[in-house]
Each structure stands twice: as C-alpha cells, then as structure tokens.
Amino acid sequence: MTFPYVVKRGDTLHRVARRYGMNVTALYGANPHLKEHNYLYPGQVVHIPVRTTSRYVIQAGDTLWDLALRFNISLTELQSANPDADPRRLRIGQTIVLPVSKGLTIVETDVEYGYAELMDNLDRLLEAYPFLEMTLIGQSVLGKDIPAVRIGTGPREVHYNGAFHANEWMTSLLLIKFIEDYAAAYAGRKPLRNRDMTALYEQTSLWVVPMVNPDGVELVQQGATPGHPYYKELLRWNYDSQQFSRWKANIRGVDLNDQFPAHWEAERDRREVPGPGPRDYAGPAPLSEPEAQAIEAFTRGHSFRLAMAFHTQGREIYWNYRGQEPPEAEEAARRLAKASGYRAVELTGSDAGYKDWFIQEFGRLGFTIEAGIGINPLPIGQFPQMYDEVIGIMLEGLKL
C-alpha cells in the first residue's frame, strides 16, 4: 500500500526517504520507474510505502526535545517525521509520529549529505551545544550562505574545510560528524578516542568551513531543471548530459581548488582547460569566484596555526608546496599518517590550490587530506571506515 507524494523543489530521493522514515531501497521498490541516481524534479509524483509507526498524544509541558530523550529518538528524526509540528507551539492533544530511531544523534551518517542537511544540522547542533559559535563567511554564486563553525576557546587557531569539489560532499559529513562528536564529548566531560577534549577545547580554537561549494553540491545531488538560472549553460558545459554526478566545479564551471594565487598561471596552463566545465577550469583569474574569495578573506582574518582541506579520494596526505612549507611539515604529516593509516606524500606538479596558497602566503602547516578511495562521489556505505580514519587526523591536528 502506498500514498502519492508530489516532489518539491530541493527534494532528493534521500531527503524524501528520510522524511518518511525509510531507506532509499524501499522507495525504489515502490517506484520501479526510478533508476538509482536519477534526479527528482518538482511536480513529479513519487509513491510512498505506508509504514507502521508508533504515535504519541502531546501532553501539557511536552517539548520535542523532551520526547526525543524519553523515547531515545534523535531530534532530527522526530522533526523529520513530523514536518507540520511547530516545535514552539505543540498543542495538547496533538498526535505526532514516533519514528523508528537510530539513537540520540543529530548528524545522520547513512544518507546523502547536502546543503539542506548541513544547515539543518547546524541549527540543531547550535541548539544542543550553545558553546558552539557559527558565523557566515560569504555567499555562493547563487546566494547560499557559507557557514563557519567554531569549537574551542584556546589561543591556538586551527582551520579545517571541506567540499571545495562538488562531488566530494562526503567531506562535509566527515567534518560535521566530528563537530558533533567533539561537542558531545566536551559537554559530557568525556574523552574522544582517548583524547582529553576539555584540555583541547581550552588550548585550541577550531574553525570549520564544512561546505565551500554549496551550489555545486546541490547540482551533483539534484541535477538541473529548466528553471535553474544556469540551466542552458550547465548542459552545454556538461556536454549535453543531464547527469552531474562527476561535477567538481562551482555553478559557473570553475574548479574552486584551482582558484588561488599560488602560481595560478602555471596551473591554468598545465590544465589546458579553455573554459567552464565539470572540472579543472581555473577561471578567468585568481579568486574570480565568490566562494574562493570568501574562504580567502576568512583565512586572512585569522592567524591559523595550520589549515587542512579535506577532499576525496586516495587515502593520502599532501603536506608540501614548492619548498615553502615550514621545516616541521614533513614530521607533522608523518604524525597525521600514523593517526589515520594514510600515506604522507610529497607532491609536485600542482599549483593554485587552497593548501598551496596557505603555505605560500603564511609559511605555516597546510595539508590536503584525500579521504577514502574509489570514484567520486564515494558511496555513503564507505563513511564509517573513512570517519574512523580521518578522526585521527582531525584530533591530531588540534595538537600540532
């Protein structure tokens, strides 16, 4: 038995499945006309399988947060199952759905992770952990806010970022999950992977920009419909293909990790990509794109001891740039490699990346972390292993 659902702007198969408390496989079973990785489009009708769920009648004094704690359901799952329930105006006698729960966590790690999930998670994390700080560092081409999150109050400043490349959205999930685990450990005065997080919190201020390229991530996950402001250009730049899963660039077809003034001309000439496309176009000039401008200005506004740019894939750590890295860089990379099982690599023949610019501009520790292995976008099933590896890098980076 199923009921119809009319797709709205911004919906993906994963988002619809999560809203109704099921996995994507169940949606495919009820919609055999859909093929895996196909995009949904507004107005499309999807059939939702009817599930047996528990229900609860709101009593005086109830809040969604209290109910989540009582029934061991994450607040995210509870709100997703009850999109029409206003958490500020629960009515006595109102009936809500109690979904099958995965536990008291905010960040879900078994579903596709996009801009909507990021902003929702940040709202919930800030509510759950008031000691977190969020600021906006700029906007994307399409006007999406680019958030940065701070955890820790120490004088040593450290910066991690992710999703420079659109189809590497898994890095955003890695970073947000780390923020949640760090915050939960600090709030509970508990260690995280045998690390004293209270001491690290007082010694180091970690600033995370989890998604540098939100427009590109949405393109990879949602595709482009005729109403998209760059629809015609995107199809032309993507060789008339409607499949954008291999797209790395921002929405104007510029590779954001080839945008920095660190021998930019050499990288442009090496790439030999004449114009916008899915990858490797360095743009008309360094820092031509608002996303690159935002992260550059944000970096200049701080005195970061080190910076890490998280990418996928390869299970490698790049730590040098044209001999301009500090003397301790190679040893620091070895420590990160030991903490993760990754390989520290001395890289040549690459310029204009964020890590390259950071090392050249500030002479401090800069790293590119290539997490996981395979073809981007990496499958979500790889997340547990990837996180188990990179959490060691993230923790070690707080001490370097």
Side-chain angles (χ1 to χ4, degrees), residues 65-66 68-69 72 74-76 102-109 118 120-135 137 147-162 171-211 298-299 301-310 317 328 331-342 364-367 369 371 383-384 386-400:
W65 178 246
D66 290 337
L69 290 173
N72 195 33
S74 79
L75 188 59
T76 301
K102 301 167 188 171
L104 287 172
T105 60
I106 292 173
V107 181
E108 297 181 47
T109 61
L118 169 67
D120 176 77
N121 284 175
L122 288 177
D123 283 345
R124 299 176 198 277
L125 287 168
L126 291 166
E127 181 179 0
Y129 304 107
F131 52 83
L132 294 175
E133 176 185 341
M134 189 180 84
T135 188
I137 69 168
V149 185
R150 176 182 177 174
I151 183 167
T153 58
R156 179 195 293 127
E157 287 195 302
V158 170
H159 170 52
Y160 302 161
N161 61 55
T171 56
S172 301
L173 181 55
L174 292 168
L175 289 165
I176 289 296
K177 184 59 181 171
F178 178 66
I179 289 173
E180 180 181 35
D181 287 351
Y182 183 168
Y186 175 72
R189 296 299 189 264
K190 297 177 180 179
L192 179 59
R193 301 293 176 102
N194 298 317
R195 304 292 182 102
D196 181 350
M197 302 312 293
T198 299
L200 287 173
Y201 186 93
E202 294 170 352
Q203 295 164 3
T204 303
S205 293
L206 171 63
W207 284 96
V208 176
V209 178
M211 189 175 290
F298 171 72
T299 303
H302 293 266
S303 182
F304 292 128
R305 157 75 178 159
L306 67 79
M308 292 189 193
F310 284 82
I317 300 165
E328 68 271 23
E331 176 56 30
R334 288 199 184 102
R335 286 173 58 179
L336 298 177
K338 183 177 180 181
S340 61
Y342 284 11
R364 299 175 188 156
L365 294 171
F367 303 97
I369 312 298
F383 180 85
M386 291 172 64
Y387 187 66
D388 190 57
E389 294 166 346
V390 302
I391 191 174
I393 292 175
M394 294 176 183
L395 288 167
E396 191 67 24
L398 300 176
K399 296 174 57 181
L400 286 176

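For clarity, every value in this text was computed on a predicted model and none was experimentally measured. The first residue of the sequence shown is numbered 1, and numbering continues consecutively from there.
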Quiz item: For Glu202 and Leu200, what are the C-alpha separation, side-chain angles and deciding distance, and is it a side-chain contact (heavy atoms from CB on, under 4.5 Å)?
Solution: CA-CA 5 Å; Glu202 294 170 352; Leu200 287 173; over 6 Å; no
Any side-chain heavy-atom pair of [X] and [Y] under 4.5 Å:
{"X": "Glu133", "Y": "Trp207", "value": "yes"}
{"X": "Val208", "Y": "Ile151", "value": "no"}
{"X": "Glu328", "Y": "Leu365", "value": "yes"}
{"X": "Tyr342", "Y": "Ile369", "value": "yes"}
{"X": "Met308", "Y": "Ile393", "value": "yes"}
{"X": "Ser340", "Y": "Ile317", "value": "yes"}
{"X": "Met197", "Y": "Leu395", "value": "yes"}
{"X": "Thr153", "Y": "Phe131", "value": "no"}

Which heavy atom of [X] sits nearest to which heavy atom of [Y], and what is that distance?
{"X": "Phe367", "Y": "Ala332", "result": "CZ-CB, 3.9 Å"}
{"X": "Ala184", "Y": "Tyr129", "result": "CB-OH, 3.4 Å"}
{"X": "Leu175", "Y": "Gly162", "result": "CD1-N, 3.5 Å"}
{"X": "Leu118", "Y": "Met211", "result": "CD2-CB, 3.6 Å"}

Supply the atom-to-atom distance [X] [atom1] to [Y] [atom2], rounded to the nearest 0.5 angstrom.
{"X": "Met386", "Y": "Leu173", "atom1": "CE", "atom2": "CG", "answer": "8.5 Å"}
{"X": "Leu336", "Y": "Lys338", "atom1": "CG", "atom2": "NZ", "answer": "12.5 Å"}
{"X": "Leu125", "Y": "Met134", "atom1": "CG", "atom2": "CE", "answer": "10.5 Å"}
{"X": "Ile106", "Y": "Leu122", "atom1": "CD1", "atom2": "CG", "answer": "10.0 Å"}
{"X": "Asp181", "Y": "Ile176", "atom1": "CG", "atom2": "CD1", "answer": "11.5 Å"}
{"X": "Arg305", "Y": "Leu398", "atom1": "CZ", "atom2": "CG", "answer": "12.5 Å"}

Quiz item: Do the ring planes of Phe383 and Tyr387 sit parallel (below 30°), tilted (30 to 60°) or perpendicular (above 60°)?
Solution: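 Judged by the thresholds at 30° and 60°, the geometry between Phe383 and Tyr387 is parallel.
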Quiz item: What class does the angle between the rings of Phe304 and Phe298 fall in, given that below 30° is parallel, 30 to 60° is tilted and above 60° is perpendicular?
Solution: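 Ring orientation of Phe304 relative to Phe298: tilted.
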Exercise. Might you work through the side-chain contact (heavy atoms from CB on, under 4.5 Å) test for Phe178 and Leu206, ending with a clear yes or no?
Key: CA-CA 11 Å; Phe178 178 66; Leu206 171 63; 3.7 Å; yes
Exercise. Would you mind listing every salt bridge (charged side-chain N to carboxylate O under 4.0 Å, His left out) that reaches into residues 190-200, with sequence neighbours excluded?
Key: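 Only Arg193-Asp388, Arg195-Glu396 qualify under salt bridge (charged side-chain N to carboxylate O under 4.0 Å, His left out).
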Quiz item: Crowded around Glu331 CD? As in, over 12 foreign heavy atoms under 6.0 Å?
Solution: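 Yes, CD of Glu331 has more than 12 neighbouring heavy atoms, counting only those of other groups under 6.0 Å.
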Exercise. State which residues pass ring pair (Phe, Tyr, Trp, His ring centres under 6.0 Å) with Phe310; sequence neighbours excluded, sorted by chain then number.
Key: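 Only Tyr160 meet the ring pair (Phe, Tyr, Trp, His ring centres under 6.0 Å) criterion with Phe310.
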Quiz prompt | Sidechain-backbone polar pair: Thr135 side chain, Ala148 backbone, donor-acceptor under 3.5 Å | solution =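 No, Thr135 side chain to Ala148 backbone: no donor-acceptor pair under 3.5 Å.
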Self-check item: Worked check of side chain to side chain donor-acceptor pair (under 3.5 Å) between Arg150 and Ser205
Solution: CA-CA 7 Å; Arg150 176 182 177 174; Ser205 293; 2.9 Å; yes
